[in-house]
Amino acid sequence: MRFSHLKVNGFGKLVQKELDLKPKINIIYGDNEAGKSSLLKFLTSMLYGASKNKNGKNISDFDKYKPWKTEEFSGSLEYILDNGEEFEVYREFKKKNASVYNSEKEDISKTFKENKTKGIAFVEEQTGIDEDTYMNTAIIEQEEVKLAQGSQNVIIQKISNKVSSGDDNLSFKKTLATLTKLQGEKVGTDRTQNKPINIVNADIKKLEEKRKYLEEIKEIQVSNNNEFENFQKEITIKDNELKLLNELKELHDNYKLKYAEVEFNKKIESENNKKIEKLRERLQDDKIEERTDNKNLKFFWILEGVLIFISILLFVLVSNKIFGIVALLLSILNIAYIFIKDKNIKKQIKEQENKNQEDILKEINLLKKNNEEKSKEINENLNELDREVDIQKEKIYRNYKEILDMSFIEKAFDKDIDELPKAIIMQEKNIEKMKHNIHEIEFNNKTDNKQLEELPSVIEKLDSLYEMQEELNSLNNSYNIAKECMELAYDEVKKNISPKFTENLCKTISAVSNNKYNVIKVSDEDGLVVQIDNGNYVPVDRLSIGTIDQMYLSLRLSSLKELSVENMPIILDEAFAYFDNERLKNILEYLAKEYNNHQILIFTCSNREEATLKSLNIDYTLHNC
């Protein structure tokens, strides 16, 4: 793998920087603070992203390399794999994922697996090397080799650790014990108390109970809200039903007086009929009186006949004939008087009777005429009222047929006028009851809302705790896996890797030291030891800083050959600061020969590397930063 072209839109102090990188050796030259370190970090960040984690540093790479002079925090990098395939990666560092394009400029980002935190792992899939391994092998930054006099033992320990455990930052014996201790302190177990995992689990349990309680309240509230909506819908329906009943009642009330007038006229008609009947009865009564008078006169004439008979007897039988004659004359006179009077009385009665009957008949005829007119008026008014009422009912029906159930409308229209007030009162009570239920739900919701205000905070805290729990479990698994792998790898490294590393290391040291050091071994007690001229083995920390740097660089480069399926670019940032001219010549000659399949980027503020390469007739490309 090699880099072919890079473009920096904004990264650290770099803005709109482009660079064409060549195969083999590239020297990136620039004074201090010229942006070389930013350019180096841009390359690795394009491959693996700019981490937002501090990882023990004072500031994360993401924050450290935010552009100084622009808001554009992005760039692109073109690279070629060993098989000749060309790719381009574009990355906006504020986003997790990069965009990867093939030689046809087709976006193939989704073809790579995605890491939860770092995004798509295209470099690992294409080269087989992850960020940590790449940083510990192919990239040698200035702070890794630029050592103070008293730091030699640290670098020697790194070399020893690298050979024995595969990682220059891990010492197996110390790390295994430290891991176990850290596992207890940083994570804890089921048997521990007041450790992170125990505290987190206890807090999770407490908050889960609270969340469950609040979610139950929320479910009840959802149910109440559904009921609230149903009540509101039902109230709307009931209000419309009440309006219908009131309109029907109002309709009846509006026409009640008019119907009352009709009823009053009917009553008058009925009373007139009763009067007619009474008048007819009077006619019958007058005839009965006439017959009664005739009977009385007949009785009177019989009585007068008896008196005349008695007068005749008196005249015949009594000797005093005068008395009899007088009595007879008086009877005759009385009869004549009665006859005349009877005749006059009959005449008067007949005249009065005729007049009375005529008056009664006139009155009957008048009443009949009035009743006929009244009946006609009643029928006309009643028909008109019925027509008007039907029209109004039809209007009401049309207004409500689309918004109310037909069965209710039909029942409402079928109700008598006397039933409507009761139905209205019952409807008003139902509405009032529903409104009371709504107020009760609103009050309960108001009370519940005060508690539910905590739910987002509880969920947020739980999410944070779950994340912490996951991190702790992941950390715990990492500890367990690390310890298990270390135990397995330790023997494997000693059996297989250590001899190979040692062989490569010996070869490299021999080449760069002019065969001064040819044998190097790893001792569990002394770490990395080297054989000197008299055959004795001494710890490397007794050697010069330049020699230590040579060994450390050799170890990284030897490791790189074994760990990557690609010939990864080797990046050296002021890596030869402690090399004298002879060592510099040896290492550059060795790199050019042994790593001729690798692209080599040398970041420097000195012209020593360029001068040495010229003296060795080794091709290189110079870039000014």
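Starting from 1, each residue takes its place in the sequence as its number.
- Heavy atoms only, all atoms of each residue included: Asp20 and His623 are closest at O-CE1, 2.8 Å.
- Comment: Asp619 does not engage Lys24 in a salt bridge, judged by the lack of any side-chain N to carboxylate O separation of less than 4.0 angstrom.
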Item to complete: Show your reasoning for whether side chain to side chain contact (heavy atoms under 4.5 Å, CB included) applies to His5 and Glu18.
Response: CA-CA 7 Å; His5 181 79; Glu18 291 194 55; 2.9 Å; yes
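- Thr612 places no side-chain N or O within donor-acceptor distance of the main-chain N or O of Lys585, the cut-off being under 3.5 Å.
- Here Leu214 contributes atom CG and Gln451 contributes atom CD; the two are 6.5 Å apart, rounded to the nearest 0.5 Å.
- In this structure, the side chain of His598 does not engage the main chain of Ile570 through any donor-acceptor pair within 3.5 Å.
- Side-chain rings of Phe93 and Phe73 approach one another, their centers coming within less than 6.0 Å.
- With hydrogens and angles ignored, the 3.5 Å screen pairs a side-chain donor or acceptor of Arg91 with a backbone N or O of Met46.
- In this structure, Leu572 and Phe603 have side chains that are not in contact, with every pair of non-hydrogen atoms separated by 4.5 Å or more.
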Item to complete: Step by step, work out the side chain to side chain contact (heavy atoms under 4.5 Å, CB included) result for Asn201 and Ile199.
Response: CA-CA 6 Å; Asn201 287 340; Ile199 295 171; over 6 Å; no
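- Results of the side-chain hydrogen bond (donor to acceptor under 3.5 Å, both in side chains) test with Tyr79 over Glu85, Gln126, Glu86, Arg2 single out Gln126 as the only residue that passes.
- Annotation for Asp190: atom CG does not count as buried by contact number, only 12 or fewer foreign heavy atoms lying within 6.0 Å.
- Across Ile25, Thr604, Leu622, a single residue satisfies side chain to side chain contact (heavy atoms under 4.5 Å, CB included) together with Glu610, and that is Leu622.
- Classification of the Tyr134-Tyr48 ring pair by plane angle, with boundaries at 30° and 60°, yields tilted.
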Practice prompt. Before giving the answer on side chain to side chain contact (heavy atoms under 4.5 Å, CB included), spell out for Leu452 and Asn449 the whole-Å C-alpha distance, their side-chain angles and the decisive distance to 0.1 Å.
Written response: CA-CA 5 Å; Leu452 289 175; Asn449 284 336; 4.2 Å; yes
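- For the atom pair Glu470 CD and Leu472 CG, the distance stands at 10.5 Å (nearest 0.5 Å).
- Applying the 6.0 Å contact sphere to OH of Tyr537 captures more than 12 heavy atoms from other residues, nucleotides or ligands.
- Side-chain atoms of Lys13 come within 3.5 Å of backbone N or O of Glu33 as a donor-acceptor pair.
- Comment: Lys96 engages Glu114 in a salt bridge, judged by a side-chain N to carboxylate O separation of less than 4.0 angstrom.
- Atoms NZ and OG, on Lys64 and Ser38 in that order, are 8.0 Å from each other to the nearest 0.5 Å.
- A donor atom on one side chain and an acceptor atom on the other are not found under 3.5 Å apart for Gln16 and Lys7.
- The closest donor-acceptor contact from the side chain of Asp63 to the backbone of Ile59 lies at 3.5 Å or more, if one exists at all.
- Minimum heavy-atom separation, Ile120 to Ala98: CD1-O, 3.5 Å.
- Side chains of Leu588 and Ile602 form a contact here, defined as non-hydrogen atoms less than 4.5 Å apart.
- Salt bridge Arg583/Asp580: present, at least one basic N to carboxylate O contact under 4.0 Å.
- For Ile197 against Thr189, the heavy-atom pair with the smallest separation is CG2-N, 3.9 Å.
- Side-chain contact between Lys94 and Glu71: present, with at least one pair of heavy atoms (C-beta onward) separated by less than 4.5 Å.
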Discussion item. The test is side chain to side chain contact (heavy atoms under 4.5 Å, CB included); show your working for Glu454 and Lys210 and say whether it passes.
Written reply: CA-CA 9 Å; Glu454 295 183 68; Lys210 190 166 187 178; 2.6 Å; yes
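- Using modelled atom types and a 3.5 Å distance limit, the side chains of Asn480 and Gln183 yield a donor-acceptor pair.
- Between the side chain of Asp82 and the backbone N or O of Met1, at least one donor-acceptor pair lies under 3.5 Å.
- How far CD of Glu609 is from CD1 of Ile600: 12.0 Å, rounded to the nearest 0.5 Å.
- Annotation for Gly188 and Asn476: closest pair O-OD1, 4.4 Å, computed over non-hydrogen atoms.
- Nearest approach of Phe87 to Asn102, heavy atoms of both residues: CD2-CA, 4.0 Å.
- Looking only at distances, a side-chain donor or acceptor of Asn225 sits under 3.5 Å from a matching main-chain atom of Gln221.
- Shortest non-hydrogen contact noted between Leu465 and Leu207 is CD1-CD1, 3.3 Å.
- Ser74 and Asn9 are linked by a side-chain donor-acceptor pair at a separation below 3.5 angstrom, with hydrogens and angles left out of the test.
- Without hydrogens or angle criteria, Asn26 side chain to Leu21 main chain gives no donor-acceptor distance under 3.5 Å.
- Evaluation of the salt bridge (charged side-chain N to carboxylate O under 4.0 Å, His left out) rule for Lys105 yields Glu88 as partners, not counting sequence neighbours.
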